[in-house]
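Both ligands and their constituent atoms are indexed starting at 1 by order of listing. What you see is a predicted model, and the numbers here were worked out from it, not measured in a lab.
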Amino acid sequence: MQLFDIGANLTHSAFSEDLEGTIAKARAAGVTQIVVTGTTVDETMAAIRIAERFELHATAGVHPHHARDCGPHTIPALRELARHPRVVAIGECGLDFNRNYSPHPDQEKWFVAQAELGLELGKPLFLHSRDAHPRFSEILKAHAVKKAVAHCFTGERDELRAYLDLGLYVGITGWICDERRGKHLVELVREVPRDRLVLETDAPYLTPRDLRPQPKARRNEPAFLPHILNAVARALGRPAEEVAAETARNAKELFSLHESGSSAAAQRPLAA
Ligand SMILES: [Zn+2]
């Protein structure tokens, strides 16, 4: 089985002591591909270093939580970092009207700037949206964003419909394993077209609630992706192996990682 974790925050300090072990454990669990999430310019640099060292991939972007810290150098810096052959998407970018760590106008401004950067570079967007529907979809529509993934989808049916109408991929995390707040996802995941579904841990966050035993300090990690896969496969009433292969294929399509080349480097002549 070859699983693809489309989003893990491996630059997080929770992994600084045992990053190598974490990745070895993930590989032993069949998680052969991981995209390391970039959430600020600095974290993007760190994500790229991890991606280089372990032959993984990374995103280049600023999370809406950090929109207030963006400035005139942000987009040029991301543009430069995005040229790295291991960078497969722009993000994590979007809107978070749940925590509101940054003012809404800042969030919108830097979301739009990153959406435009993605279009300019021909890279898909790695999107974060929390309690920001329908504003979030309006922005994507206005900017004619074509290739993108709504990472960690936790919303309701109307939000899912809007994303699917926009042609987005939908990322499912261990949220679906939460018998209280993730219950609706068990039904909604059946409405995601087979070629649009991708899986992710969002480690070290969102540890599946029904994982036994619960890991130390409740740290989530890519090695737990099979647990999420099984929950999704159960919800779909389909064999886990089939869903694993399909979602891995979708992730490769989303990030333009084609089987022929050993990495994205093979198809990105711009890469230095
Ligand atoms: Zn997120």
Side-chain angles (χ1 to χ4, degrees), residues 4-15 34-44 46-47 50 57-70 78 87-102 104 106-108 110-115 117-118 123-133 135-137 139-140 145 148-156 159-160 162-163 166 168-178 181-182 185 188 192 197-209 218-222 224-225 228 251 254-255:
F4 197 129
D5 186 349
I6 67 142
N9 301 279
L10 297 182
T11 62
H12 193 283
S13 59
F15 296 112
I34 302 171
V35 174
V36 185
T37 318
T39 52
T40 64
V41 169
D42 285 350
E43 295 290 312
T44 294
I50 292 172
H57 295 93
T59 68
V62 178
H63 192 286
H65 287 343
H66 304 290
R68 67 187 321 146
D69 304 321
C70 289
L78 291 178
V87 172
V88 292
I90 299 298
E92 147 168 28
C93 60
L95 302 174
D96 194 310
F97 295 169
N98 176 275
R99 301 281 179 92
N100 293 310
Y101 289 154
S102 283
H104 292 192
D106 286 349
Q107 291 195 35
E108 291 206 8
W110 295 104
F111 174 28
V112 167
Q114 291 179 81
L117 181 63
K123 296 237 191 237
L125 301 180
F126 188 93
L127 298 167
H128 173 104
S129 173
R130 195 85 194 274
D131 295 351
H133 178 71
R135 184 65 191 132
F136 178 77
S137 305
I139 291 175
L140 291 173
V145 169
V149 57
H151 119 93
C152 187
F153 180 80
T154 59
E156 300 295 335
E159 190 173 346
L160 179 66
Y163 294 172
L166 286 165
L168 301 193
Y169 288 77
V170 176
I172 296 292
T173 60
W175 197 282
I176 197 172
C177 304
D178 188 325
R181 51 181 199 171
L185 289 180
L188 281 185
V192 179
L197 185 65
V198 286
L199 302 178
E200 52 176 328
T201 56
D202 204 26
Y205 312 114
L206 303 180
T207 307
R209 251 178 71 86
R218 294 186 49 80
R219 184 186 76 171
N220 195 9
E221 44 179 292
F224 301 148
L225 195 63
I228 297 167
L254 164 64
F255 297 124

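- When the Zn ion (ligand 1) is compared with the N/O/S atoms of Glu92, atom OE2 turns out nearest.
- Of all the N, O or S atoms in His128, the one closest to the Zn ion (ligand 1) is ND1.
- One distance of note links CZ of Phe97 with CD of Glu108; it measures 5.0 Å at 0.5 Å rounding.
- Counting only distance, with no hydrogens or angles, the side chain of Asp96 and the backbone of His65 share no donor-acceptor pair below 3.5 Å.
- For Thr11 (side chain) and Glu43 (main-chain N/O), no donor-acceptor pair under 3.5 Å exists by modelled atom type.
- Proximity of a side-chain donor or acceptor of Thr59 to a complementary backbone N or O of Gly38 within less than 3.5 Å is detected.
- Between the Zn ion (ligand 1) and the N, O or S atoms of His151, the shortest distance is to NE2.
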